[in-house]
Undergrad: 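Got a structure here, written out as structure tokens. Questions coming.
To find a chain, count down the sequence lines: A is the first, B the second, and so on, and within it residues start at 1.
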Amino acid sequence: AQSVTQPDIHITVSEGASLELRCNYSYGATPYLFWYVQSPGQGLQLLLKYFSGDTLVQGIKGFEAEFKRSQSSFNLRKPSVHWSDAAEYFCAVGRSYNTDKLIFGTGTRLQVFP
Amino acid sequence: NAGVMQNPRHLVRRRGQEARLRCSPMKGHSHVYWYRQLPEEGLKFMVYLQKENIIDESGMPKERFSAEFPKEGPSILRIQQVVRGDSAAYFCASSPRGPSGQSRGETQYFGPGTRLLVL
């Protein structure tokens, strides 16, 4: 069965520091992978996605993620965090047999200190 | 181009009442997905609909929950006889196409959600 694991429930970084959020998935074939961000009380905004091709994908707000098939990972990175990046980040996998329902991880809450 | 619209944004119901949540997909989108987010958890898939068809309802509770997406109008998620455990945020997402051959994996765009509180 498909599953997504985000090992870090809560991460705290200083503004300007680099960031890496971990995501591991379990899926039998090449998955479609997504990162979404959710600000408090808001909906989900797509940061980036991987369907095929170049394994390093660029997203909005300066985020990038790298698909590593050998490690079943799709970690999200940003070289320099801004205070406005504080939010909840969700990794998701798609592409089941007859539906594109997404399977979400439990999320990582990011706090940014000045 | 307006995004996915959901209303109401907040809904309070007493136990035993009915809750109706509405979702208007983005213009040109004919596929709708409903997800539920319990407090401190990630989103869980509930149901996938196309116009007038339920495609996948594997995530829907067997009782009290139903969903529809009529030919005209928004998609509706209906919860009958609500209980406190139904308190959650319910998100709708839409995509322009569904899974089929070359068009698999269309991005889902999420609405702002409806926060349901059952007293």
Undergrad: For chain B, which residues of residues 105-114 of chain A have at least one non-hydrogen atom nearer than 4.5 Å to it?
TA: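 Within residues 105-114 of chain A, the residues under 4.5 Å from chain B are A:G105, A:T106, A:R109.
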Undergrad: Checking B:R9 now: which residues fulfil salt bridge (charged side-chain N to carboxylate O under 4.0 Å, His left out) with it, not counting sequence neighbours?
TA: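 With neighbours one apart ignored, the set is empty.
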Undergrad: Between A:Q38 and B:Q37, is there a side-chain donor-acceptor contact under 3.5 Å, judged purely by atom types and distance?
TA: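 Checked: B:Q37/A:Q38 side chains pair up, N/O donor to acceptor below 3.5 Å.
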Undergrad: According to side chain to side chain contact (heavy atoms under 4.5 Å, CB included), who are the partners of A:S72, at least two apart in sequence or on a separate chain?
TA: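 Expected list: A:Y25.
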Undergrad: Once side chain to side chain contact (heavy atoms under 4.5 Å, CB included) is applied, do any residues pair with A:I60, and if so which ones, sequence neighbours excluded?
TA: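 By the side chain to side chain contact (heavy atoms under 4.5 Å, CB included) rule, A:I60 matches A:Q45, A:L47.
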Undergrad: Please state whether the side chain, the backbone, both or neither of A:L46 comes within less than 4.5 Å of a heavy atom of chain B.
TA: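 A:L46 touches chain B through side-chain heavy atoms alone.
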Undergrad: Would you call the rings of B:F110 and A:F104 parallel, tilted or perpendicular, taking 30° and 60° as the class edges?
TA: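 Judged by the thresholds at 30° and 60°, the geometry between B:F110 and A:F104 is perpendicular.
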Undergrad: Give the C-alpha distance, both sets of side-chain angles, the deciding distance and a yes or no for ring-ring contact (aromatic ring centres under 6.0 Å, His included) between B:F91 and B:F45.
TA: CA-CA 9 Å; B:F91 291 96; B:F45 168 79; over 10 Å; no
